[in-house]
Amino acid sequence: MQFIVVWWLALSILGWLAWPWLVMLFRHAPGRGYAYARVSGLLLLTYVYWLLGMLDVIPNTTAALWGVAAGLCILGVVSWARKWGEMTDLIRREWRYILTVELLFVTVCVLYAAYRSYSAAIDHTEQPMDFCFLNSMLFSPHMPPNDPWLSGLPISYYYLGYLTVAVLSRLTGISSGIAYNLGLVQALGLTTIGGYGLLYGFLRERGGSRGAGRSAWPFALVGGVAIAFASNLAGAVEMVHALRLGAWVPEGDWWWWRASRVIVDQNWLAKTPTVITEFPIFSFILGDLHPHVMALPCFILALGLAGELLLGNKARPASAWWQSPACWIMPWVFGALGFLNSWDLPTVLAVAWLAYSLGRWRGTKGREYTAQGQRHWLRDSLLFGLWLVVGSVLPYLPFYAGLHSQAQGLGLAYYAKTSLKDYLLCLGIWLLPILADALDTLFRLRSRSESRVKVRTLLVVWGIIFLSPWALTGLLGGWGKLLLGLVVLVTRGPWLLLLQSGLLTILLVDMARTLGGGGPKDVGKLAAHLLVVVGIGLTYAT
């Protein structure tokens, strides 16, 4: 328990000192970004410490880390002093929200730490590898850390997550074995409160008034917990199977493992690769301290910043993005995901760019809907997209310079098609609210003859979406791969493709209607559609 308290205190101090800086980035989020303060403070300290080490300014020692931490703490105290009136007024207005975040964080961390205490050994699956990386962060004399397998060479891997755990281990004096488990606890706690803050912000914005926003906190609380704890439908199937056999729970200690292997891509090339379909709570039960686990809090932070781009540009459409200091800082956060778990970076950049573009379009539609206004919108959107890519890579160039990946690039998946059954088993629980919203949209389109959106528009958009993968396959792979892909599609069934393309069509058309004219209450809906379109679009494309 004493280790949990010390770890919580160190992480909280970093967050509290970083909070005044977040106020500049988060203008619309509840608590001005308080739910993201801890992950932001830890990320800032780790980045500065890493960058100074990569530049050979400081060694990788505890004394050097304490020096960097002391400097950032002084800056944090100065920021509190300069913004004392604003910060105290913010606490008075948002004390209920702040208290909820604190209680939620402590509750989740204590309960999960208690769970980890029953399975604290680092001795199965890929835990020894993760532990090896963590110790390399602690015992390497300089940056970049040494590769534990290839003597004399640096680690060629996205290792920022391990470094964040190592930084807190050094600051608190807690050994790496205990820090490993507390790193998992930290990831789950930060993900939960970040999810709560993200959802509560959009729900309160949708509610409009302050009183209506307060009524949204139970839904945001359930949603924040669900982001970290929800499973796929394999657990429900396992329970039904157990009940049929006369048992209350499935047999065996590792029955839950099967939930991460629900998709098998059978194809005509005599290959049956099993697709790993991990989800957050599976990873936390397993206890592997993988990059995709440690990146979760930063991923939620990046989504929160994307929300600011959507809401801020809606409120101030006339100002170009380069006039906002926040837009110059945001790519640093987005870029951290490339260093934490590189696969997350393209997704976040797509969401952030779309959020900016949609928010800017809404403002343009409302105030300067002219040919000149549209040209300014296009110019700003393209320039901001370019800056997102460049700005997310520049701060982390020392990492990319030494990275040698085994990834071979992008390829066509023309011979293996996921079945609808496997897809629903994996993502069915998340499709329920999406399907409900899509059906509601269709009902409104059919019942309102004055609607601008016609059935013909739906059919045209659906045709474009449905045919685009096949056009790309034929263009890049040639006629042979295109024909083989079509044969596999016919034999395995086109149902998944029809479902995904249909949902994308309905959501995109409804999003266009929302952009064309809608009040402030549509902002939450627009944000939800944005995330869903990106998510379904990625799975549709692959």
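Starting from 1, each residue takes its place in the sequence as its number.
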Does [X] have its ring centroid less than 6.0 Å away from the ring centroid of [Y]?
X: W256; Y: W254; answer: yes
X: F339; Y: Y159; answer: yes
X: Y396; Y: Y47; answer: yes
X: Y112; Y: F284; answer: yes

(request) Apply the test side-chain contact (heavy atoms from CB on, under 4.5 Å) to residues F229 and L188: give CA-CA distance (whole Å), side-chain angles for both, the deciding distance (0.1 Å), then the verdict. (result) CA-CA 9 Å; F229 283 85; L188 180 59; 3.9 Å; yes
Q) Hey, mind stepping through F105 and L190 against side-chain contact (heavy atoms from CB on, under 4.5 Å) and telling me if it holds? A) CA-CA 7 Å; F105 183 68; L190 293 177; 3.8 Å; yes
Q. Does a donor on one side chain and an acceptor on the other come within less than 3.5 Å for N341 and H290?
A. no
Side-chain ([X]) to main-chain ([Y]) donor-acceptor, under 3.5 angstrom:
X: T277; Y: S260; value: yes
X: T107; Y: L104; value: no
X: E308; Y: A29; value: yes
X: S381; Y: S357; value: no

Practice problem: Determine, step by step, whether V532 and W430 satisfy the side-chain contact (heavy atoms from CB on, under 4.5 Å) criterion, reporting the C-alpha distance in whole Å, the side-chain angles of both residues, the deciding distance to 0.1 Å, and the verdict. | Solution: CA-CA 10 Å; V532 171; W430 303 106; over 6 Å; no
Report yes if some heavy atom in the side chain of [X] is under 4.5 Å from a heavy atom in the side chain of [Y]; otherwise report no.
X: L499; Y: L431; answer: yes
X: P291; Y: W343; answer: no
X: I536; Y: L427; answer: no
X: L305; Y: F26; answer: yes
X: L531; Y: V351; answer: yes
X: D288; Y: V293; answer: no
X: I276; Y: F282; answer: no
X: W255; Y: E238; answer: yes

Requested in this report: Please indicate whether F219 has more than 12 foreign heavy atoms, meaning atoms of other residues, nucleotides or ligands, lying under 6.0 Å from its CZ.
Outcome: no
For this session: Kindly check if the number of other-residue, nucleotide or ligand heavy atoms within 6.0 Å of CH2 (W328) is above 12?
Result: yes
Ignoring hydrogens, what is the shortest heavy-atom contact between [X] and [Y]? Give both atom names and the distance.
X: H529; Y: D437; value: NE2-OD2, 2.8 Å
X: G197; Y: Y97; value: CA-OH, 3.3 Å
X: I300; Y: G195; value: CG2-N, 3.6 Å
X: A295; Y: D344; value: CB-OD2, 3.8 Å
X: M239; Y: P250; value: SD-CD, 3.7 Å
X: L296; Y: P280; value: CD1-CB, 4.1 Å

Look up atom [atom1] in [X] and atom [atom2] in [Y], then write down how far apart they are to the nearest 0.5 Å.
X: L386; Y: L382; atom1: CG; atom2: CG; answer: 9.0 Å
X: D380; Y: C327; atom1: CG; atom2: SG; answer: 10.0 Å
X: S392; Y: L345; atom1: OG; atom2: CG; answer: 5.0 Å
X: D510; Y: L458; atom1: CG; atom2: CG; answer: 9.5 Å
X: L497; Y: T418; atom1: CG; atom2: OG1; answer: 11.0 Å
X: L496; Y: K421; atom1: CG; atom2: NZ; answer: 12.0 Å

The single option from L498, I506, L467 that satisfies side-chain contact (heavy atoms from CB on, under 4.5 Å) with W462 is L498
Exercise. Determine, stepwise, if the pair L309 / F384 fulfils side-chain contact (heavy atoms from CB on, under 4.5 Å).
Key: CA-CA 11 Å; L309 291 173; F384 184 68; 3.8 Å; yes
